[in-house]
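Throughout, protein chains are lettered first and strands after them, A, B, ... in sequence-line order, and every chain is numbered starting at 1.
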Number of protein chains: 2
Amino acid sequence: VAIARRAGPAGSLQIVGLGPGASTQRTPQASTAVRQAEVVVGLDAYIEQSSDLLGPSQEVRRFPIGAEVERARVALDLAADGRRVALVCSGDAGVYAMASPTFELLEEDRGRRYGDVEVSVVPGVTASLAAAALLGAPLGHDFLTVSLSDLLTPWDLIEARLQAAAETDLVVVIYNPRSRARTWQLEGADTPVGIVGDAARDGQRVVVTTLGQLDCTAVNMTTCVVIGSSTTRVEGGRMVTPRGYAT
Amino acid sequence: VAIARRAGPAGSLQIVGLGPGASTQRTPQASTAVRQAEVVVGLDAYIEQSSDLLGPSQEVRRFPIGAEVERARVALDLAADGRRVALVCSGDAGVYAMASPTFELLEEDRGRRYGDVEVSVVPGVTASLAAAALLGAPLGHDFLTVSLSDLLTPWDLIEARLQAAAETDLVVVIYNPRSRARTWQLEGADTPVGIVGDAARDGQRVVVTTLGQLDCTAVNMTTCVVIGSSTTRVEGGRMVTPRGYAT
């Protein structure tokens, strides 16, 4: 059985991590990918973040928040039609971003429509690294990266991960903290906590506090929260996790 | 009791993440920090990685591998003497790199010598993100970042972290895997594993295999290893972790 396929050469799709916000934290590889794209696809906010790269000959497809799968499908469809496409994400392209839903669509497709599309990923500075740099060195030792969004993950599993991190003395980086802001108050009132909002963007906020004094109303979806381990110290407003235990 | 302090204005120290290797994956902020430094301090390999940025008027202090604390001390001393210093690291400056030992020295100093030095951190694309981009999208959901180096961390604790990750179905990213290469063969022979050596450098190697078929001799200290979760799939040579469980 022959499978219908559009005529013409297939295009390409680069899934691009723009970094946390400022263009100075965006890699040249990411900038080049956006500049050279015929079509740029992304959330409104990430199109804005790319605006210094966009020229009049480029087509732009803006999306409202949500709709990850639809965005990925539009980007793949455009590439299947022979276009050179950049799908832009904030931070890194693979951490709670578009690489994963795009490859899931590719897998479902089984080569029917997207088989000839060349797909690649351009990494970027993810929010946790930008936040950590502003806080000092909270990620100086092993850490868990976890999203508190329970839209697609059972809350019990998220809790088990936080619990396991506490039991094995890991630093924890939390993405999407608002979803369950009130429930992630783990034990250890004196544990240092760093909160960074809009890292490398207008309105950047950096707060170092403790679990006991944490004001959850300061936390929203553009916030990255870093919870220290037993070794994390705060000195001069900086949060520092030593690189080991034997020092 | 007056504390002796050198005369003259204190300088600055930027701890700079150069990204994984290629200059196209180095942020403009990192490049500017190195270009504008009067003195550049770093491991031989990271000075090489900065060579396209260095001019004849810049002083360069090269170090052999190891000696993190000495490197940090030299960088801080130079800044305390009024110099503008860049301390360069591969990947991100805060993940198993120089930010943490530098801030530890600052803390020990208690303002005696380094009190007026302005210290900041420039984040970068860490090895795990560069590796993940080459593998597909293995970090599409929560993950543990862990170093297998037991120089400063009890091996029992490292094992407990790996065990906790396996029990809570986390993806695991391993830095410095060689130290105990034979011992981290966890259960689950079919679990996908990605191995990336020298990401974005000459000699880059990308292998997707399984825990059961893993050849530990392919792993060394410039390798980043990504072990999948129960949901991670391999398709067309790509390793993809879906962004949730409910799809």
For a side-chain contact (heavy atoms from CB on, under 4.5 Å) check, start with the C-alpha distance between B/Thr24 and A/Thr32, then their side-chain angles and the critical distance, and finish with the verdict. CA-CA 9 Å; B/Thr24 53; A/Thr32 300; over 6 Å; no

Max heavy-atom pairs within cutoff under 4.5 Å with chain B, candidates A/Ile158, A/Val173, A/Thr168, goes to A/Thr168

For A/Pro154, is it the side chain, the backbone, both or neither that has a heavy atom under 4.5 Å from a heavy atom of chain B? side chain

Region of A/Glu235 in contact with chain B, defined by heavy-atom distances below 4.5 Å: side chain

Can you tell which of A/Pro28, A/Gly136, A/Gly124 has the highest number of heavy-atom pairs within less than 4.5 Å of chain B? A/Pro28

Chain A shares the most heavy-atom pairs under 4.5 Å, among B/Val69, B/Val171, B/Thr153, B/Thr102, with B/Thr153

Mind ranking B/Arg26, B/Glu167, B/Arg233 by heavy-atom pairs under 4.5 Å with chain A and telling me who comes out on top? B/Arg233

Would you mind checking which part of A/Val95 comes under 4.5 Å of any heavy atom in chain B, side chain (CB onward), backbone (N, CA, C, O), both or neither? both

Tell me, out of B/Leu157, B/Asp142, B/Thr27, who's got the most heavy-atom pairs with chain A below 4.5 Å. B/Asp142

Need one label for A/Ser23: side chain, backbone, both or neither, based on atoms under 4.5 Å from any heavy atom in chain B. backbone

Under 4.5 Å heavy-atom distance to chain B, tell me which part of A/Ala160 shows up: side chain, backbone, both or neither. both

When you measure from the side chain of A/Ser100 to the backbone N and O of B/Thr241, does any donor-acceptor pair fall under 3.5 Å? yes

Between A/Arg243 and B/Glu104, does the side-chain contact (heavy atoms from CB on, under 4.5 Å) criterion hold? Intermediate values first, please. CA-CA 9 Å; A/Arg243 71 218 152 95; B/Glu104 284 190 82; 4.2 Å; yes

Hey, which of B/Met98, B/Gln25, B/Glu68 has the most heavy atom pairs under 4.5 Å with chain A? B/Gln25

Quick check: do B/Leu129 and A/Leu129 have side-chain heavy atoms less than 4.5 Å from each other? yes

Nearest heavy-atom contact between B/Ala137 and A/Phe103 is CB-CD1, 3.8 Å

Between chain B and each of A/Val125, A/Leu144, A/Thr145, count heavy-atom pairs under 4.5 Å; write down the option with the most. A/Thr145

For B/Leu106 against A/Arg238, the heavy-atom pair lying closest together: CD1-NH1, 3.9 Å

Contact leader toward chain B among A/Ala200, A/Ser147, A/Ala165, where contacts are heavy-atom pairs under 4.5 Å: A/Ser147

So does A/Arg201 have more than 12 non-hydrogen atoms from other groups sitting under 6.0 Å from CZ? yes

Taking side chain as everything from C-beta outward and backbone as N, CA, C, O, which of these in A/Arg161 sits under 4.5 Å from a heavy atom of chain B? Side chain, backbone, both or neither. both

